[in-house]
Amino acid sequence: MARLVMKFGGTSVANVDRIRNVARHVKREIDSGYEVAVVVSAMSGKTNELVAWVNDASKLYDPREYDSIVASGEQVTSGLLALALNEIGVRARSWQGWQIPVRTDDAHGSARIQSIDPTRLAEGFARGEVAVIAGFQGVHEATGRITTLGRGGSDTSAVAVAAAISAERCDIYTDVDGVYTTDPRIVPKARRLDRIAFEEMLEMASLGAKVLQVRSVEVAMVHRVKTFVRSSFDDPLDPRPGTLICDEEDIVEQQVVTGIAFSRDEAQITLRRVADKPGVAASIFGPLAEANINVDMIIQVVSDDAMTTDLTFTVGNADFERAKAILEKNWADIGLQSLHGATDVVKVSAIGVGMRSHAGVAARAFRALADKGVNIRAITTSEIKFSVLIDAEYTELAVRTLHTLYGLDKP
Ligand code: ADP
Ligand code: ASP
Ligand code: MG
């Protein structure tokens, strides 16, 4: 029998009524003959509450205990959905990550799935049961400890389960009816896409569109999982198909720019008057890399005196204080005059595989942003995207400007 994975995010399971609604979506697929594995998130807001409790209890917490605490939200919703399904006559049972098991490495808080054993799930299907799986969690078998996959990780659980049970497709149900040209909550004129290429979705997700966790797109791409993003708020008896993530070749009308993403999770660091000599970049970025701090955009400008240089780069917001502390510790080695930091910055990016074959795409954006008085602090480009770092107060203006510029507005 053909198999299907259905994933429901936090807003879709926010209370028992919504969980009952989810059960109706599941029943539809059972009635049409599928063997179904459902992956659920915690109720919306729950994981944030759990994380806040962890921070309250211990500033420098043990990440293994963090995982055992934050994984609990998904345990609750998987049990509730199993109950709701049985109530409407659909046989179901809940599964926690360790029971399947979903094996991961031991990078607590952002663990990677290594393998998922399909045996027990298949036995459940043979008994006529829906498998309701707690997303976001797994187990590190050598230590026996519960792990979690990083925020938004239930998407990755779902796609990985789909690969493991050879599902025909993986439907990611959420609170929007598909992937849009940009966050529809920021730009009402955003358009829903029928299809988006894996590479583009990967960039969109990495550059801030939180509709899918980055790793879920990687897993879908590597394991060729046919993945849709669709709405749980559609009528369970008459749902729309949503957006298919697919190969570039399967998209007929390719635009130059497919989407605009933005990320508020950015901090800028500027080092002034750094000695302009060989090895200086290594003395700055070496210690940051050792501390596992990801550096993204980098700009180097020669100062007026031609002896020193100014260096600007970005790190994730969460790493900002740590990065500053490391640089201050290495102040003498680096030989700089001053260090400035800013967290009220945003990275806005345009993404599209069509950029490979079109020149001057980014240049048009620089002009359009300048016309709106938006100052660009840093730029990066690659084959299918470019990003600009700007002041946070201009986020919406910049996103809307680029959205219109590249013809993405709804007609
Ligand atoms: P879930 O709880 O179902 O996992 P998320 O909140 O993680 O849902 O992701 C869905 C949200 O992603 C939407 O409500 C929307 O605001 C946001 N989003 C950001 N960029 C996009 C985009 N390009 N297309 C669709 N949604 C987007
Ligand atoms: N509940 C987890 C989170 O809020 C995982 C998820 O929803 O995908 O990050
Ligand atoms: Mg999500």
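Note that ligands are numbered from 1 as they come in the structure, with each ligand's atoms numbered from 1 the same way. All residue numbers refer to positions in the sequence shown, counting from 1.
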J.: Answer yes when D175 and R185 have at least one side-chain N-carboxylate O distance shorter than 4.0 Å, and no when they do not.
T.: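 A salt bridge is present here (some side-chain N lies under 4.0 Å from a carboxylate O).
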J.: Kindly identify the option in S154, S157, A158 whose heavy atom sits closest to atom 8 (O) of ligand 2.
T.: S154
J.: What protein heavy atom sits nearest atom 25 (C) of ligand 1, and how far off is it?
T.: G178 O, 3.4 Å
J.: Hey, can you tell me if F386 and F366 have their rings parallel, tilted or perpendicular (30° and 60° cut-offs)?
T.: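 Correct class here is perpendicular.
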J.: Check this for me: does any side-chain nitrogen of one of K46 and E49 sit under 4.0 Å from a carboxylate oxygen of the other?
T.: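 Answer for the salt bridge query: yes.
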J.: Would you tell me whether T181 and R191 have side-chain atoms, one donor and one acceptor, within less than 3.5 Å of each other?
T.: no
J.: For ligand 1, note which part of A261 has a heavy atom under 4.0 Å away: side chain, backbone, both or neither.
T.: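 Looking at A261 and ligand 1, no heavy atom falls under 4.0 Å.
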J.: Just let me know how T182 lines up against ligand 1, side chain, backbone, both or neither, with a heavy-atom cut-off below 4.0 Å.
T.: backbone
J.: Please could you name the atoms of ligand 1 that M204 approaches to less than 4.0 Å, counting only its heavy atoms?
T.: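 Under 4.0 Å from M204, ligand 1 has these atoms: 23 (N).
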J.: Determine the interplanar angle of the F285 and F313 rings, folded into 0 to 90°, and report it as parallel if under 30°, tilted if 30 to 60°, perpendicular if over 60°.
T.: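 F285 and F313: perpendicular rings.
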J.: For atom 7 (O) of ligand 1, what's the nearest protein heavy-atom neighbour? Residue, atom name and distance, please.
T.: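 Going atom by atom, the protein heavy atom closest to atom 7 (O) of ligand 1 ends up being K210 O, 3.5 Å.
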J.: Among all protein non-hydrogen atoms, which one is nearest to atom 23 (N) of ligand 1, and what is the separation to 0.1 Å?
T.: Y180 O, 3.0 Å
J.: How far is atom 14 (O) of ligand 1 from its nearest protein heavy atom, and which residue and atom is that?
T.: R185 NH2, 2.6 Å
J.: Are the charged groups of R377 and D391 less than 4.0 angstrom apart, N to O?
T.: yes
J.: Which one of V211, T258, V13, D175 has a non-hydrogen atom at the shortest distance from atom 13 (C) of ligand 1?
T.: D175
J.: Would you mind finding which of T11, T174, T243, V176 brings a heavy atom closest to atom 1 (P) of ligand 1?
T.: T174
J.: Using distance alone, determine whether G152 and ligand 2 share an N or O pair under 3.5 Å.
T.: yes
J.: Looking at ligand 2, would G9 count as a contact under a 4.0 Å heavy-atom criterion?
T.: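 Per 4.0 Å heavy-atom rule, G9 does not contact ligand 2.
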J.: Under a 4.0 angstrom heavy-atom cut-off, which atoms of ligand 1 come close to V179?
T.: 24 (N)
J.: I'd like to know if D67 pairs up with R145 as an ion pair, taking the criterion as any Lys NZ or Arg NE/NH1/NH2 lying under 4.0 Å from an Asp or Glu carboxylate oxygen.
T.: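 No, no charged N to carboxylate O under 4.0 Å.
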J.: Is it the case that ligand 2 has an N or O less than 3.5 angstrom from some N or O of K7?
T.: no
J.: Numbering the atoms of ligand 2 from 1, which are under 4.0 Å from a heavy atom of T47?
T.: 1 (N), 2 (C), 3 (C), 4 (O)
J.: Pairs of nitrogen or oxygen atoms closer than 3.5 Å, one from E74 and one from ligand 2: do any exist?
T.: yes
J.: Starting from atom 15 (C) of ligand 1, which protein heavy atom do you reach first, and at what distance in Å?
T.: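 Heavy-atom neighbour on the protein nearest atom 15 (C) of ligand 1: D183 OD1, 3.4 Å.
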J.: Could you walk me through whether S216 and Q213 pass side-chain hydrogen bond (donor to acceptor under 3.5 Å, both in side chains), step by step?
T.: CA-CA 5 Å; S216 71; Q213 199 199 33; 5.7 Å; no
J.: Would you name the heavy atoms of D250 and R195 that are closest together and state the gap between them?
T.: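 Closest heavy-atom pair between D250 and R195: O-NH1, 2.8 Å.
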J.: Can you list the residues that meet the side chain to side chain donor-acceptor pair (under 3.5 Å) rule with S154, with sequence neighbours excluded?
T.: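 Only S41 meet the side chain to side chain donor-acceptor pair (under 3.5 Å) criterion with S154.
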J.: Under 4.0 Å between a side-chain nitrogen and a carboxylate oxygen: does that hold for R93 and E123?
T.: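 Looking at R93 and E123, the cut-off is not met.
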J.: Under 4.0 Å between a side-chain nitrogen and a carboxylate oxygen: does that hold for E248 and R356?
T.: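 Between R356 and E248 there is a salt bridge, with a charged N closer than 4.0 Å to a carboxylate O.
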J.: Do me a favour and list the nearest non-hydrogen protein atom to atom 4 (O) of ligand 2 with residue, atom name and distance?
T.: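 Protein heavy atom with the smallest distance to atom 4 (O) of ligand 2: R151 NH2, 2.9 Å.
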J.: Quick check on contacts: which atoms of ligand 1 are under 4.0 angstrom from a heavy atom of A209?
T.: 20 (N)
J.: Could you identify the single nearest non-hydrogen protein atom to atom 7 (O) of ligand 2 and state the distance to 0.1 Å?
T.: S41 OG, 3.0 Å
J.: Could you tell me whether ligand 1 has any atom less than 4.0 Å away from a heavy atom of S41?
T.: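 So S41 does not count as touching ligand 1.
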J.: If we ignore angles and hydrogens, is there a donor and acceptor under 3.5 Å between the side chains of T309 and D276?
T.: no
J.: What protein heavy atom sits nearest atom 2 (O) of ligand 1, and how far away is it?
T.: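 Among all protein heavy atoms, the one nearest atom 2 (O) of ligand 1 is G10 N, 3.1 Å.
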J.: Will you find, in the side chains of S263 and D265, an N or O donor that is under 3.5 Å from an N or O acceptor?
T.: no
J.: Where is the nearest protein heavy atom to atom 4 (O) of ligand 1: which residue, which atom, and how far?
T.: K7 NZ, 3.2 Å
